[in-house]
Amino acid sequence: MNAAFTTGKELQKMDPVFGQLSFDDHEQIVFCNDKDTGLKAIIGIHNSVMGPALGGTRMYNYANEWEALNDVLRLSRGMTYKAAITGLNIGGGKAVIIGDAKTQKTPELMRKFGEFVHSLSGRYITAEDVGMETADMDIVRDVTPYVTGISESRGGSGNPSPVTAYGVYLGMKAAAKQQFGSDVLSGKKVLVQGIGHVGETLVDYLTKEGVIVTISDINEDRLYEVGAKYNAEIFRGDDLYSADVDIYAPCAMGATLNDNTVYKIKAKVIAGAANNQLADENVHGAILQERGILYAPDFLINAGGIINVYAELAHYDKVEIMRKTENIYNTTLEIFDFAIANKMTTHHAALTIAQNRINQRKIENSKK
């Protein structure tokens with residue numbers, strides 16, 4: 001076939017990993033399969049210049065393997081920049097397990113996954129993500145030391161979700177200061193989309209500050225439970241993206257800012273915990289900027305979780321975890337200033353600063 005007339009989909013079939021649009025010079029992609037436990041997983045190591053690749057494991061019932069591969073590629077890339085922008089000496093990686101965490105996750109499956117992680121000899125260190133709990137990481141720890149986020153009773157840092165939520169809250173306050181002139185959120189209207197472990201804790205922080213909180217989630221039982229607990233309003237409209245709020249906080253899956261939604265947003269600030277919120281970071285980041293909507297880069301303000309689990313590797317305590325997480329506020333403001341000074345989107349500004357740190361380390365490593 002003449003390459004000049006080959007379509008994008010045909011290229012992907014011919015080049016199933018390297019041909020992915022989300023492939024960004026990843027160092028290693030590992031496909032894991034075990035018939036006995038039903039494990040089907042993909043581990044993505046994006047970049048290890050700063051150190052071993054650290055990133056959580058997500059168990060999700062993907063529609064197909066393409067979707068799972070795309071997710072692990074995007075997530076692992078995001079982890080590289082998340083670690084770099086936060087000043088941590090680790091690289092970026094991620095893992096996805098294809099399946100329903102509620103019905104298909106077993107101790108045997110988690111142990112087998114741990115064995116695959118162990119086979120990489122420390123190039124990838126795992127942790128928890130969507131569909132995972134601290135108890136699952138404890139099972140992985142039984143077969144490999146290359147795991148973080150284990151129970152505090154076993155010497156770990158525990159559930160990273162509360163620290164993630166705290167970082168998002170501080171990033172949101174920084175964005176409010178930039179956009180509204182004050183970081184006081186009391187009286188502001190905030191829509192939190194996704195009220196899992198991180199989303200609920202964020203709702204707690206916001207409620208305590210006097211924010212008018214509206215929540216949305218695909219799990220109706222969870223929605224009413226959290227709504228009643230925090231006296232939060234439940235979104236009942238047809239299109240949450242056009243909701244009349246000051247701040248939109250995406251805290252579920254990624255790519256909610258896309259061709260179908262980016263022009264609907266009425267909020268003046270976007271600051272949430274979800275990874276890869278921009279479906280196309282160049283196109284949609286630019287549109288938000290043109291519309292005067294301030295976007296707080298997701299991989300910066302949701303870095304509290306990685307700060308928390310990195311403590312197990314760097315051996316620092318809870319006080320230092322919180323100090324590093326609180327610095328997200330200052331870094332967010334610095335990113336906004338850098339973006340204005342260099343006439344670029346906030347996302348591009350954060351990527352540039354993170355990449356500069358990686359490039360500097362690459363130079364230092366070459367001299368050793």
Side-chain angles (χ1 to χ4, degrees), residues 30-44 54-76 78-79 93-118 124-144 146-151 154 156-162 164-165 193-202 216-223 225-226 250-256 272-276 302 305-306 308-309:
V30 181
F31 291 83
C32 314
N33 179 68
D34 181 67
K35 182 180 178 181
D36 293 338
T37 62
L39 175 72
K40 292 187 182 300
I42 309 173
I43 299 172
L54 172 64
T57 296
R58 171 174 295 189
M59 188 167 186
Y60 186 74
N61 201 16
Y62 295 99
N64 50 57
E65 292 174 17
W66 290 104
E67 190 176 281
L69 175 59
N70 182 60
D71 205 26
V72 78
L73 290 172
R74 284 171 59 89
L75 289 167
S76 56
M79 292 304 295
K94 205 79 174 184
V96 298
I97 297 175
I98 302 171
D100 188 332
K102 293 180 179 178
T103 61
Q104 294 176 281
K105 183 172 60 178
T106 63
E108 292 76 21
L109 181 142
M110 292 310 305
R111 273 193 288 272
K112 179 57 66 173
F113 174 71
E115 291 175 13
F116 278 109
V117 170
H118 192 69
Y124 169 66
I125 301 168
T126 196
E128 71 175 81
D129 200 308
V130 174
M132 290 290 155
E133 306 286 346
T134 304
D136 299 316
M137 296 303 104
D138 287 346
I139 294 172
V140 173
R141 183 64 181 82
D142 289 340
V143 295
T144 181
Y146 305 123
V147 56
T148 56
I150 59 175
S151 298
R154 296 187 62 170
S157 57
N159 182 6
S161 298
T164 302
Q193 178 190 25
I195 44 173
H197 295 312
V198 176
E200 181 183 346
T201 307
L202 178 61
S216 170
D217 198 280
I218 58 174
N219 185 331
E220 283 201 6
D221 291 339
R222 175 86 176 145
L223 195 59
E225 175 191 337
V226 173
C251 296
M253 299 299 281
T256 58
N275 289 303
N276 302 314
N302 70 10
I306 194 173
N308 188 72
V309 297

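These numbers were taken from a predicted model, which means no experiment stands behind them.
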Which distance, rounded to the nearest 0.5 Å, do you find between the [atom1] of [X] and the [atom2] of [Y]?
X: L202; Y: I195; atom1: CG; atom2: CD1; result: 11.5 Å
X: L109; Y: K40; atom1: CG; atom2: NZ; result: 11.0 Å
X: C32; Y: L39; atom1: SG; atom2: CG; result: 6.5 Å

Counterpart residues, side-chain contact (heavy atoms from CB on, under 4.5 Å), relative to [X] (two or more places apart):
X: D142; answer: R154
X: K102; answer: D100, N219
X: E225; answer: R222
X: P160; answer: E128, N308, V309

Task: Stepwise side chain to side chain contact (heavy atoms under 4.5 Å, CB included) check, M79 with I306 - done: CA-CA 9 Å; M79 292 304 295; I306 194 173; 3.3 Å; yes

Suppose we screen for side-chain hydrogen bond (donor to acceptor under 3.5 Å, both in side chains). Which residues come up paired with [X], at least two apart in sequence or across chains?
X: Y60; result: none
X: N159; result: S161
X: T126; result: T57, Y124
X: T148; result: none

Which residues share a salt bridge (charged side-chain N to carboxylate O under 4.0 Å, His left out) with [X], sequence neighbours left out:
X: D129; answer: R58, K94
X: R74; answer: none
X: K105; answer: D136

How close do [X] and [Y] get, counting heavy atoms only, and between which atoms?
X: G199; Y: C251; value: CA-CB, 4.3 Å
X: G44; Y: S76; value: O-CB, 3.4 Å
X: A274; Y: A252; value: CB-O, 3.3 Å
X: N302; Y: A273; value: ND2-O, 3.0 Å

Taking only distance into account, with no hydrogens and no angle test, what donor-acceptor pairs under 3.5 Å do side-chain atoms of residues 110-117 form with protein atoms, sequence neighbours excluded?
from	atom 1	to	atom 2	distance (Å)
K112	NZ	E115	OE1	2.9

Open item on the list: Keeping T144 on the side-chain end and R141 on the backbone end, is there a donor-acceptor pair under 3.5 Å?
Closed with: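 No; zero donor-acceptor contacts below 3.5 Å.
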
- [ ] Give a yes or no answer on whether the side chain of N276 reaches the backbone of G254 with a donor-acceptor pair at less than 3.5 Å.
- [x]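 Checked: no pair found.
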
Task: I98 side chain near E65 side chain, heavy-atom distance below 4.5 Å - done: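 Yes; the side chains approach each other to less than 4.5 Å.
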
Task: Check: M132 and I97 side chains under 4.5 Å, non-hydrogen atoms - done: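 A side-chain contact exists here, since the closest heavy-atom pair is under 4.5 Å.
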
